> 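Quick one: the structure is below, and I'll ask about it shortly.
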2 protein chains.
Amino acid sequence: MREGMAIPSARGAIPRARSQSPSKGRATIVTLSQLAGVSASTVSRALKNDPRISEETRNRIAALATKAGYTPNAFARTLSSGRSGLLGIVLGSVQNPFYSELLEEAVAQAAARGMRLLIVHAGGGPIEDRTAEALLQYQVDGCIITSAELSSNAVNICAANGVPVVMVNRIPRLHASAVACDNAEGGRELARFLVEGGHRRIAMVQAPARSSTGMERVRGFVEQLTALGLEPAMRMDGGGHYDGGFACGQEIAKLPPNRRPDAIFGISDVMAMGAMDALRIAGIRVPEDISVVAFDNIAAASHPPYGLTTIAQPLQAMVHRGLDILMARIRDPSLPDEAVQLRGRLIVRRSARVPGA
Amino acid sequence: MREGMAIPSARGAIPRARSQSPSKGRATIVTLSQLAGVSASTVSRALKNDPRISEETRNRIAALATKAGYTPNAFARTLSSGRSGLLGIVLGSVQNPFYSELLEEAVAQAAARGMRLLIVHAGGGPIEDRTAEALLQYQVDGCIITSAELSSNAVNICAANGVPVVMVNRIPRLHASAVACDNAEGGRELARFLVEGGHRRIAMVQAPARSSTGMERVRGFVEQLTALGLEPAMRMDGGGHYDGGFACGQEIAKLPPNRRPDAIFGISDVMAMGAMDALRIAGIRVPEDISVVAFDNIAAASHPPYGLTTIAQPLQAMVHRGLDILMARIRDPSLPDEAVQLRGRLIVRRSARVPGA
DNA sequence: TCAGCTTGTGCGAACGATAGCACAAATTAT
DNA sequence: ATAATTTGTGCTATCGTTCGCACAAGCTGA
């Protein structure tokens, strides 16, 4: 059926078809142009609603394209236009569901803007050089970096190649914009909440120092405590994951009751959940014996056994602003780096005693 | 700096430089070829270790490439070779951490094979047509579909365009290969385990019927129960998520003790965790009053409050075999569809009474 | 009536890499 | 010494799109 016996063209033998034709019969702009009897450029322009193409031609071509099941080849377009429509994304460890939720949101919002996400890296391990190279190979228009850690490598590569970067849930370093929750303010709010709730001996389950957002939360929290004439009763490292939080909870549970804190600030929900579980297993009641507050508001924080009082990160808004920033810099790379902080919202649940009660 | 005053070439004015050069000074094969004083083809061949290029030239070019920070342009390569090095991935809802773990594994293993993952869709919502088109636009070499649901759309598009597809954690439909845990056998194993442990009244918290893997687990489980002369005491729909499982747990807790099941089979860990929490909140002890077993072995299943006895899906192996299948079909599209089942492993923890105890 | 403008298309050169074919130089066989 | 190989490179077309520029037709105004 397909051009049955090739008619030898006037210009002589056209060596069509390599060993195997790469695009197996998929319709291209050239196909369409032949069908429509116009040039390839006209088809290209008609398809992207160039105002210079007449209404009639445009409709005719559009109809033809639909009928032929035409899909533009993103690779050819990129080669020609320099824009890939791809956003690289570096994801933090799935051990923290926050990143999974972030991913889902990012995929949806990027799609709504006509962009796709190329996963550069996911997980806790270090990001290899070869991996980061993919960013360049695939000509990503921009890059989203969510991992609170391990990012600098990718950032440098992007910066060196003029790829705009936005960090989400992370404090900006050099050469990058960032969107984050106002972590310090969230920390302060939690400190006020606990102190107003009558807590005085407060333990902190911190993330590793390389987590910039975690450090901010700690900073705000301690700052506020100090302003209220208190200081943290203890600081422990929960490693950023459930198990670490659990271990901290065990430590706390081991303390004699009179030396035990009356509240725990978990720098992230997962760690707080670990700590809560350890406490309860040790027979310590939450919140009757110890209050627990945290940060993130992941889905599990609302599960009945936890009912975690926490600062909700405005995930949707963070992704939205992040993409705004990225797209703006893709259009105009001369824009200066920008850091946005979005206010989190305190979600009061049952894991901490409240002022009134 | 860049070719200061363009030397008018013999063939007349060469209109170099469009409005803005797309690749801002990034080194290309042509750059290298000029530096090395050889042709572009030679560079191309040297870089991919073509045996026809002399050792010396190859080394010289390799050194040059490193120094210039050369990165091949994947888009140009694709256009020319027809292979993009991209694998599309359709992800299930992040509400089930299993998919997040799968993603992390897939990203790592794909990278090890020199492939990148393009996220086509993530999450519970339906997959839009425009979204699925991305698969074609970006010329993905193959596609991984993990969602137990919502996949048919993407599968059809891939099939229609000759893109090999492998479904992971899913029973194959038409036009696709698949890798899954041996869900039925896992179900049987759990049934034997429970019955040997002395359980007789067993409830099942099922996933929606559209989850093919879930149905398989149920099938195997019921089959084995029947073979042992029993039948499920009740079947409930947990919707595939924690909240649904929790609701089922509440239902069960409401039953008078004599009508209560003595064991629950949660079709997935998340649902079982929900059910366990509901039971415990109602004061029902696990496993003393009711045993709970499940399927998946997500990270949280091992958390102390759950200690879930479950069938571990061989995640790593599943992804590995899935990629094997995909890569083989990318090389040779004529290969027939293939369905692989991998045996899961029973992980015994504390959530269920065991035969000996 | 003809210059000058608008409007709609076509031409052809990129974009960066690949691969078939041609071909020069070096090596071996006769 | 000449032909037949082998070995290493270069030439060039091609992948599908985009975009600057040229250009033809239709319209307006003097």
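Note on naming: letters A, B, ... go to the chains in the order of the sequence lines (proteins, then strands), and numbering restarts at 1 for each one. Since we're looking at a predicted model, the values are computed, not measured. Just so you know, these numbers use all the heavy atoms, side chains as well, and skip hydrogens, waters and symmetry mates.
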> Send over the distance from A:Q34 CD to D:dT17 P, rounded to a whole Å.
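Roughly 12 Å, once rounded to whole Å.
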> State, yes or no, whether a side-chain contact exists between A:N73 and B:L79 at a heavy-atom distance under 4.5 Å.
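When only atoms from C-beta onward are counted, B:L79 and A:N73 do touch, with a gap below 4.5 Å.
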> How far does the helix from C:dT1-D:dA30 to C:dT30-D:dA1 bend, going by the axes of its first and last five pairs, to the nearest 10°?
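The angle, to the nearest 10 degrees, is 50°.
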> Tell me: CG of A:L32 to C1' of D:dT17, nearest whole Å?
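A:L32 atom CG is separated from D:dT17 atom C1' by 12 Å.
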> Take atom CG of A:L79 and atom C1' of C:dA13, then tell me their distance rounded to the nearest Å.
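To the nearest whole Å, that distance equals 13 Å.
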> How many whole angstroms separate atom CD of A:E55 from atom C1' of C:dG8?
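Answer to the nearest Å: 13 Å.
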> So what does A:T71 hit on the nucleic acid, given a heavy-atom distance under 4.0 Å: a base, only sugar-phosphate, or nothing?
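Sugar-phosphate, no base atom in range.
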> Go through A:D141 and A:R116 one step at a time and tell me if the salt bridge (Lys or Arg N to Asp or Glu O under 4.0 Å) criterion holds.
CA-CA 10 Å; A:D141 292 334; A:R116 307 291 158 192; over 6 Å; no
> Could you go over nucleotides 9-11 of chain C and give all protein N or O partners under 3.5 Å, atom names and distances?
unit_1: C:dT9; atom_1: OP1; unit_2: A:S54; atom_2: OG; d: 3.0
unit_1: C:dT9; atom_1: OP1; unit_2: A:T57; atom_2: OG1; d: 2.4
unit_1: C:dT9; atom_1: OP2; unit_2: A:S54; atom_2: N; d: 3.0
unit_1: C:dT9; atom_1: OP2; unit_2: A:S54; atom_2: OG; d: 3.3
unit_1: C:dT9; atom_1: OP2; unit_2: A:T57; atom_2: OG1; d: 3.3
unit_1: C:dG10; atom_1: OP2; unit_2: A:S39; atom_2: N; d: 2.9
unit_1: C:dG10; atom_1: OP2; unit_2: A:S39; atom_2: OG; d: 3.3
unit_1: C:dG10; atom_1: OP2; unit_2: A:T42; atom_2: OG1; d: 2.3
unit_1: C:dG10; atom_1: N7; unit_2: A:R45; atom_2: NH2; d: 3.0
unit_1: C:dG10; atom_1: O6; unit_2: A:R45; atom_2: NH2; d: 2.7
unit_1: C:dC11; atom_1: N4; unit_2: A:S41; atom_2: OG; d: 2.6

> From CD of B:Q137 over to P of D:dT18, roughly how many Å is that when rounded to an integer?
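Spelled out: CD on B:Q137 to P on D:dT18 is 11 Å.
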> Can you tell me if A:E338 uses its side chain to pair, donor with acceptor, with the backbone of A:S177 under 3.5 Å?
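Here the side-chain-to-backbone pair does not exist.
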> For A:F75, does its backbone N or O pair with a side-chain atom of A:S84 as donor and acceptor, under 3.5 Å?
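Side chain of A:S84 to backbone of A:F75: no pair is present.
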> Think A:Y70 has a side-chain N or O under 4.0 angstrom from the OP1 or OP2 of D:dT17?
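Yes, A:Y70 has a side-chain N/O under 4.0 Å of OP1/OP2 on D:dT17.
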> Let me know the distance between CD1 of B:I61 and P of D:dG8, rounded to the nearest Å.
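In whole Å, D:dG8 P lies 13 Å from B:I61 CD1.
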> Considering just the side-chain nitrogens and oxygens of B:S81, establish if one lies under 4.0 Å of OP1 or OP2 belonging to C:dT18.
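No, B:S81 has no side-chain N/O under 4.0 Å of OP1/OP2 on C:dT18.
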> Quick check on D:dG16: is either OP1 or OP2 less than 4.0 Å from any side-chain nitrogen or oxygen of A:R77?
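No, no such contact exists.
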> Rounding to an integer number of Å, can you tell me how far A:Y138 OH sits from C:dG16 C1'?
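A:Y138 atom OH is separated from C:dG16 atom C1' by 14 Å.
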> Tell me if a side-chain donor or acceptor on B:R329 pairs with a main-chain N or O of B:P336 at a distance below 3.5 Å.
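Yes, because the side chain of B:R329 sits within donor-acceptor range (under 3.5 Å) of the backbone of B:P336.
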> Below the 4.0 Å mark, does C:dA17 have OP1 or OP2 next to a side-chain nitrogen or oxygen of B:K48?
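Answer is no, no contact under 4.0 Å.
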> Among B:T146, B:V168, B:L102, find the one that has a side chain to side chain contact (heavy atoms under 4.5 Å, CB included) with B:M318.
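Of the listed residues B:T146, B:V168, B:L102, the side chain to side chain contact (heavy atoms under 4.5 Å, CB included) partner of B:M318 is B:V168.
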> Quick one: B:R60 CZ to D:dG8 P, roughly how many Å, whole number?
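The answer, rounded to whole Å, is 14 Å.
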> Go through B:L87 and B:I330 one step at a time and tell me if the side-chain contact (heavy atoms from CB on, under 4.5 Å) criterion holds.
CA-CA 11 Å; B:L87 258 25; B:I330 289 169; 4.1 Å; yes
> Say whether, by atom type as modelled, one donor and one acceptor occur between the side chain of A:R45 and the main chain of A:A40 under 3.5 angstrom.
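Not at all, since once roles are kept as given, no pair shorter than 3.5 Å links the two residues.
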> Between B:S44 and B:S41, do the side chains contain an N or O donor and an N or O acceptor separated by less than 3.5 Å?
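No, no side-chain donor-acceptor pair sits under 3.5 Å.
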